[in-house]
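Chain letters run A, B, ... following the sequence lines, proteins first and then strands; every chain starts at 1. Any value given below was found using the heavy atoms of this structure, including those in side chains, with hydrogens, waters and symmetry copies removed.
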Amino acid sequence: MMNKTLIVILGPTGIGKTDLSIDIAKALGTEIISSDSRQIYKELSIGTAVPAPGQLERVKHHFIGNKSIYDYYNASMFEFEVLEVLESLFAKYKQVVMTGGSGMYIQAVCEGIDELPTIDQQLREELIQKYNAEGIESLRIQLKMLDPLSYQQIDLKNPKRILKALEVTLQTGKPYSSFLTRTAKERPFHILKIGLQRDREELYERINVRVDQMVDEGLVEEARRFFRHRHLNSLNTVGYKELFEHFEGKISLTKAIELIKRNSRHYAKRQMSWFKRDKEIVWFHPENNQKIIDFIQRNSS
RNA sequence: GGUGCCAUAGCUCAGUUGGUAGAGCAACGGACUGAAAAUCCGUGUGUCCUUGGUUCGAUUCCGAGUGGCACCA
């Protein structure tokens with residue numbers, strides 16, 4: 001399979017990944033895997049900016065709307081499922097396009113993440129309760145005792161990081177740090193990472209305009225449908241969480257829309273931070289289709 | 001045209017009894033190994049409108065100019 005290439009098209013939200021990826025997949029005569037942790041939910045479409053029906057007809061997409069917001073899902077499951085789909089796609093195509101903005105999902109596919117046990121739901125809830133009742137310091141103390149190495153390496157101000165380490169340690173009886181190998185897994189195909197970049201002001205303007213479009217298309221109604229499920233992790237998502245605040249009467253609709261724009265900008269910023277450190281990425285402007293296709297042709301095996 | 005008020009960060013504004021300045025929002029930078037559109041950490045970015053004067057020293061006091069707002073003509 002070493003003559004196969006996975007073409008990863010990445011960049012912040014609103015940069016123009018969707019249009020470009022479809023053009024490229026069309027030009028290469030192949031299919032697209034979405035690496036977007038929210039477009040994967042079938043119940044969400046307006047707020048996650050899934051490709052339009054017409055676009056989905058032009059090129060076959062995978063991992064869009066194939067999970068439910070009620071299901072538990074994570075980056076490791078994504079890694080496993082994508083590798084499986086890739087195997088069958090590479091049987092048909094020399095190149096496959098993967099596009100999306102979820103850095104961790106992309107990393108899971110390209111480099112893999114270490115094997116960890118699935119956490120018992122009850123254990124997880126107990127730990128969260130302990131955190132709520134006793135605060136973060138009590139988690140830190142427990143971690144220091146059970147897994148001093150993680151205690152040294154983990155961001156001790158971030159409750160999610162400590163909870164993860166504790167969960168694994170308690171469930172397996174082995175320190176979380178012992179599961180981390182710090183080595184990238186070998187993949188039986190080449191990977192070409194294409195990053196999309198444009199002027200910051202222009203990107204923010206695109207984000208603002210797109211949020212207004214989402215509202216015109218019925219984002220408020222889409223969010224209202226899931227209001228009573230607002231505590232689901234899948235709905236802890238920009239575009240929905242702000243509207244839930246509005247439905248709760250805490251903020252006006254205008255304010256909610258403003259916050260969606262701002263939080264989208266912040267999200268874009270975090271994505272750029274994530275991608276910036278990956279030196280394998282070659283950067284292009286999202287409208288330089290021909291340049292990008294030439295680059296792919298030259299560098300695919 | 002006259003009178004009054006105002007001019008400080010990207011925005012709204014506070015402040016310095018004269019020793020070059022700060023808050024909210026916005027913005028900026030970063031971390032990230034199974035919740036990742038999540039979660040967490042860090043940063044004030046400034047010709048204090050311009051120009052004379054007083055003063056050891058002016059963003060602050062005084063004069064003039066410019067711009068804005070209000071009222072009177």
Return the value, rounded to whole Å, for the distance between atom [atom1] of [X] and atom [atom2] of [N].
X: A:Lys67; N: B:rA36; atom1: NZ; atom2: C1'; result: 17 Å
X: A:Leu259; N: B:rA27; atom1: CG; atom2: P; result: 11 Å
X: A:Tyr131; N: B:rU39; atom1: OH; atom2: C1'; result: 10 Å
X: A:Tyr267; N: B:rU39; atom1: OH; atom2: P; result: 13 Å
X: A:Lys276; N: B:rG30; atom1: NZ; atom2: C1'; result: 9 Å
X: A:Leu44; N: B:rA36; atom1: CG; atom2: P; result: 12 Å
X: A:Gln271; N: B:rG30; atom1: CD; atom2: C1'; result: 15 Å
X: A:Glu167; N: B:rA35; atom1: CD; atom2: C1'; result: 9 Å

So, using side chain to side chain contact (heavy atoms under 4.5 Å, CB included) as the criterion, who are the partners of [X] when residues are at least two apart?
X: A:Gln290; answer: A:Ile293, A:Asp294
X: A:Lys255; answer: A:Ile251, A:Ser252, A:Glu258, A:Leu259
X: A:Val209; answer: A:Glu205, A:Gln213

Looking only at heavy atoms, which two atoms of [X] and [Y] are closest? And how far apart?
X: A:Gln271; Y: A:Thr13; value: OE1-N, 2.8 Å
X: A:Leu170; Y: A:Leu146; value: CD2-CD1, 3.7 Å
X: A:Ser21; Y: A:Val97; value: CB-CG1, 4.3 Å

With respect to the side chain of [X], which nucleotide from [options] is positioned closest?
X: A:Ile128; options: B:rG34, B:rA35, B:rG42; result: B:rA35
X: A:Tyr72; options: B:rG34, B:rG30, B:rC41; result: B:rG34
X: A:Tyr105; options: B:rA31, B:rA36, B:rA35; result: B:rA36
X: A:Arg161; options: B:rU33, B:rA35, B:rC40; result: B:rU33

Which value, in whole Å, describes the distance between the [atom1] atoms of nucleotides [N] and [M]?
N: B:rU39; M: B:rU33; atom1: C1'; value: 14 Å
N: B:rG10; M: B:rA27; atom1: P; value: 14 Å
N: B:rA14; M: B:rA7; atom1: P; value: 8 Å
N: B:rU50; M: B:rG67; atom1: P; value: 16 Å

May I ask you to list the residues of [range], by number, that have any heavy atom positioned under 4.0 Å from an atom of RNA chain B?
range: residues 202-212 of chain A; answer: A:Tyr204
range: residues 75-83 of chain A; answer: A:Ser76
range: residues 231-249 of chain A; answer: A:Asn233, A:Asn236, A:Thr237, A:Val238, A:Lys241
range: residues 106-114 of chain A; answer: A:Ile113, A:Asp114

- Compute the centroid of each ring, for A:Phe90 and then for A:Phe189, and state whether the two points are separated by less than 6.0 Å. yes
Can you find a side chain N or O atom of [X] that sits less than 4.0 Å from OP1 or OP2 on [N]?
X: A:His266; N: B:rC28; value: no
X: A:Arg270; N: B:rU39; value: no
X: A:Ser273; N: B:rG30; value: yes
X: A:Tyr176; N: B:rG34; value: yes
X: A:Lys164; N: B:rA35; value: yes

Sugar-phosphate only, base, or nothing, as touched by [X] at under 4.0 Å among non-hydrogen atoms:
X: A:Asp36; value: base
X: A:Thr118; value: base
X: A:Phe179; value: nothing
X: A:Ser264; value: nothing
X: A:Pro159; value: sugar-phosphate
X: A:Arg265; value: sugar-phosphate

- Note: for A:Leu180 and A:Lys157 on RNA chain B, the residue whose nearest nucleotide lies more 5' is A:Leu180
- Along RNA chain B (nearest heavy atom to each residue), the more 5'-positioned of A:Asn74 and A:Asn158: A:Asn74
- For A:Glu186, does the CD atom sit with more than 12 other heavy atoms under 6.0 Å from it, leaving out its own atoms? no
- Item | Over 12 foreign heavy atoms within 6.0 Å of NZ, A:Lys291 | no
Quick one: side chains of residues 106-116 of chain A, donor-acceptor pairs under 3.5 Å with protein atoms, not counting sequence neighbours, listed by atom name and distance.
residue, atom, partner, partner atom, Å
A:Glu111, OE2, A:Lys193, NZ, 3.4
A:Asp114, OD1, A:Thr181, OG1, 2.6
A:Asp114, OD2, A:Thr181, N, 2.9

- Message: Using a 4.5 Å cut-off between side-chain heavy atoms of Ile, Leu, Val, Met, Phe, Trp and Tyr, which other residues end up in the same hydrophobic cluster as A:Val50?
- Response: A:Leu56, A:Ile64
- Message: For the residue pair A:Arg230 and A:Phe227, would you count it as a cation-pi contact if the rule is NZ or CZ under 6.0 angstrom from the ring centre and within 45 degrees of the ring axis?
- Response: yes
- Going by atom types only, do A:Thr18 and A:Gln55 share a side-chain donor-acceptor pair under 3.5 Å? no
- Report the C-alpha separation of A:Gln171 and A:Val168 in whole Å, then their side-chain angles, then the decisive distance to 0.1 Å, and conclude whether the side-chain contact (heavy atoms from CB on, under 4.5 Å) test is met. CA-CA 5 Å; A:Gln171 170 124 353; A:Val168 173; 5.9 Å; no
- Look only at the side chain of A:His190 and the backbone of A:Lys4, and say whether a donor-acceptor pair between them is shorter than 3.5 Å. no
- State whether the side chain of A:Asn299 and the backbone N or O of A:Phe295 hold a donor-acceptor pair below 3.5 Å, judged by distance alone. yes
- Test A:Tyr73 against A:Tyr41 for ring-ring contact (aromatic ring centres under 6.0 Å, His included), laying out the working first. CA-CA 10 Å; A:Tyr73 199 66; A:Tyr41 297 115; 7.1 Å; no
- With Watson-Crick and G-U wobble geometry limited to distances under 3.5 Å, how should the secondary structure of RNA chain B be encoded in dot-bracket form, using | for bases paired to another strand and [ ] for crossing pairs? (((((((..((((.....[..)))).(((((.......))))).....(((((..]....)))))))))))).
- Report the residues that fulfil salt bridge (charged side-chain N to carboxylate O under 4.0 Å, His left out) with A:Lys92, sequence neighbours left out, ordered by chain and then residue number. A:Glu31
- Restricting to pairs with a member in residues 149-159 of chain A, which pass side chain to side chain donor-acceptor pair (under 3.5 Å), not counting sequence neighbours? A:Asp147-A:Ser150
